[in-house]
Amino acid sequence: SKSPGFAFPDWAYKPESSPGSRQIQLWHFILELLQKEEYQGVIAWQGDYGEFVIKDPDEVARLWGIRKCKPHMNYDKLSRALRYYYNKRILHKTKGKRFTYKFNFSKVVLVNYPILDMGQNYMSFCLICIKKRKKKYIN
DNA sequence: CACGGAACAT
DNA sequence: ATGTTCCGTG
């Protein structure tokens with residue numbers, strides 16, 4: 001397979017070996033749910049590009065808790081972790097919209113590739129790339 | 001709800 | 001470092 005020759009956000013390149021990345025990252029888990037149609041009643045892309053709504057906060061927290069073996073996880077705690085992403089420029093809050101956040105895909109793209117148009121394909125392209133990298137580390 | 005400080009865990 | 005837990009503030 002050929003390399004896309006495309007710069008993804010820094011946070012999309014956290015190698016398995018890097019400390020603090022041995023466990024699954026929350027942003028990765030969020031993308032994982034977003035990717036699966038069976039969770040569209042729980043969390044889904046909605047509104048602007050990169051924007052998603054947590055339709056069932058309790059359920060997302062429950063699933064995250066299962067993944068991390070934290071049975072007492074809840075939305076209060078999960079959302080605190082999401083808020084730490086603001087300064088890291090991974091996410092930001094869509095103000096005024098309840099349970100709505102937005103991935104900072106676009107900004108990174110525009111900074112690194114001013115010419116590149118922001119097609120709808122970028123999101124799926126990014127997800128595919130993350131997937132590929134994941135496989136690479138597993139093998 | 002949403003925010004962010006602080007202490008703590010891994 | 002990346003969260004988890006707890007909590008005061010608006």
Side-chain angles (χ1 to χ4, degrees):
Chain A
S1 60
K2 61 178 180 180
S3 165
F6 196 95
F8 288 89
D10 287 348
W11 49 264
Y13 286 105
K14 287 285 162 78
E16 214 90 352
S17 57
S18 99
S21 296
R22 293 178 64 84
Q23 290 261 34
I24 185 163
Q25 237 99 333
L26 178 54
W27 64 265
H28 196 314
F29 177 76
I30 296 287
L31 286 177
E32 204 176 282
L33 292 184
L34 248 13
Q35 218 179 336
K36 298 180 180 180
E37 282 184 26
E38 59 258 48
Y39 292 107
Q40 276 189 8
V42 172
I43 185 170
W45 298 117
Q46 197 169 103
D48 282 355
Y49 195 73
E51 200 170 88
F52 63 94
V53 183
I54 298 172
K55 294 177 178 176
D56 188 341
D58 293 340
E59 181 62 4
V60 172
R62 195 185 68 82
L63 295 167
W64 177 233
I66 289 167
R67 180 65 69 91
K68 286 290 290 289
C69 301
K70 296 284 178 186
H72 302 297
M73 182 52 57
N74 58 32
Y75 181 69
D76 180 49
K77 295 170 189 172
L78 185 149
S79 62
R80 182 69 189 94
L82 292 179
R83 268 174 254 131
Y84 274 126
Y85 285 149
Y86 298 170
N87 283 337
K88 294 177 191 170
R89 323 230 60 199
I90 292 171
L91 281 185
H92 61 81
K93 187 74 184 68
T94 301
K95 283 164 190 173
K97 288 186 183 173
R98 219 160 160 246
F99 307 122
T100 303
Y101 302 81
K102 189 176 172 181
F103 277 97
N104 288 331
F105 286 131
S106 56
K107 181 143 198 168
V108 181
V109 170
L110 290 171
V111 166
N112 293 338
Y113 291 85
I115 296 164
L116 200 83
D117 84 307
M118 284 270 299
Q120 306 92 318
N121 289 336
Y122 178 65
M123 190 78 71
S124 48
F125 187 37
C126 192
L127 292 174
I128 288 162
C129 222
I130 289 165
K131 262 190 190 168
K132 275 183 182 171
R133 294 186 64 81
K134 200 175 168 187
K135 267 182 193 167
K136 211 167 130 187
Y137 286 117
I138 289 163
N139 295 339

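Atoms considered below: every heavy atom in the structure, side chains included; atoms not considered: hydrogens, waters and symmetry mates. Chain identifiers are assigned alphabetically (A, B, ...) following the order of the sequence lines, protein sequences preceding nucleic acid strands; residue numbering begins at 1 within each chain.
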Could you list the residues that satisfy side-chain contact (heavy atoms from CB on, under 4.5 Å) with [X], not counting sequence neighbours?
X	value
A:Gln46	A:Val53, A:Lys55
A:Ser79	A:Tyr75, A:Arg83, A:Tyr101
A:Asp76	A:Asn74
A:Lys70	A:Lys68, A:Met73

Between [X] and [N], is there a contact of a side-chain N or O with OP1 or OP2 at under 4.0 Å?
X	N	answer
A:Tyr86	B:dC3	yes
A:Trp64	C:dG3	no
A:Tyr85	C:dG3	yes

So if I take residues 69-80 of chain A and measure heavy-atom distances to DNA chain C, which residues fall below 4.0 Å?
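Hits under 4.0 Å, by residue number: A:Lys70, A:Met73, A:Asp76, A:Lys77, A:Arg80.
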Go through residues 92-100 of chain A and report each residue with a non-hydrogen atom lying under 4.0 Å from DNA chain C, sorted by number.
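None, since no heavy atom is under 4.0 Å.
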Name all residues meeting the salt bridge (charged side-chain N to carboxylate O under 4.0 Å, His left out) criterion together with A:Lys97; count only those two or more places apart in sequence or in a different chain, and write none if there are none.
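So A:Lys97 forms a salt bridge (charged side-chain N to carboxylate O under 4.0 Å, His left out) with A:Glu51.
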Listed partners of A:Tyr84 passing side chain to side chain donor-acceptor pair (under 3.5 Å), at least two apart
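In terms of side chain to side chain donor-acceptor pair (under 3.5 Å), with neighbours along the sequence ignored, A:Tyr84 is linked to A:Arg80.
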Please list, chain by chain and in numerical order, all residues satisfying ring pair (Phe, Tyr, Trp, His ring centres under 6.0 Å) with A:Tyr39, sequence neighbours excluded.
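A:Tyr39 satisfies ring pair (Phe, Tyr, Trp, His ring centres under 6.0 Å) with no other residue.
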In whole angstrom, give the distance that lies between atom [atom1] of [X] and atom [atom2] of [N].
X	N	atom1	atom2	answer
A:Trp27	C:dT2	CH2	C1'	13 Å
A:Lys88	C:dG3	NZ	C1'	7 Å
A:Ile66	C:dT4	CD1	P	14 Å
A:Lys68	C:dA1	NZ	C1'	12 Å
A:Phe29	C:dG3	CZ	P	12 Å
A:Arg67	C:dT2	CZ	C1'	16 Å
A:Tyr84	B:dA6	OH	P	10 Å
A:Tyr101	B:dC1	OH	P	9 Å

Would you say A:Leu33 and A:Phe52 make side-chain contact, with heavy atoms under 4.5 Å?
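Side chain of A:Leu33 against side chain of A:Phe52, heavy atoms only: no contact under 4.5 Å found.
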Please check if the side chain of A:Lys102 supplies one atom and the backbone of A:Leu91 the other of a donor-acceptor pair under 3.5 Å.
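Side chain of A:Lys102 to backbone of A:Leu91: no pair is present.
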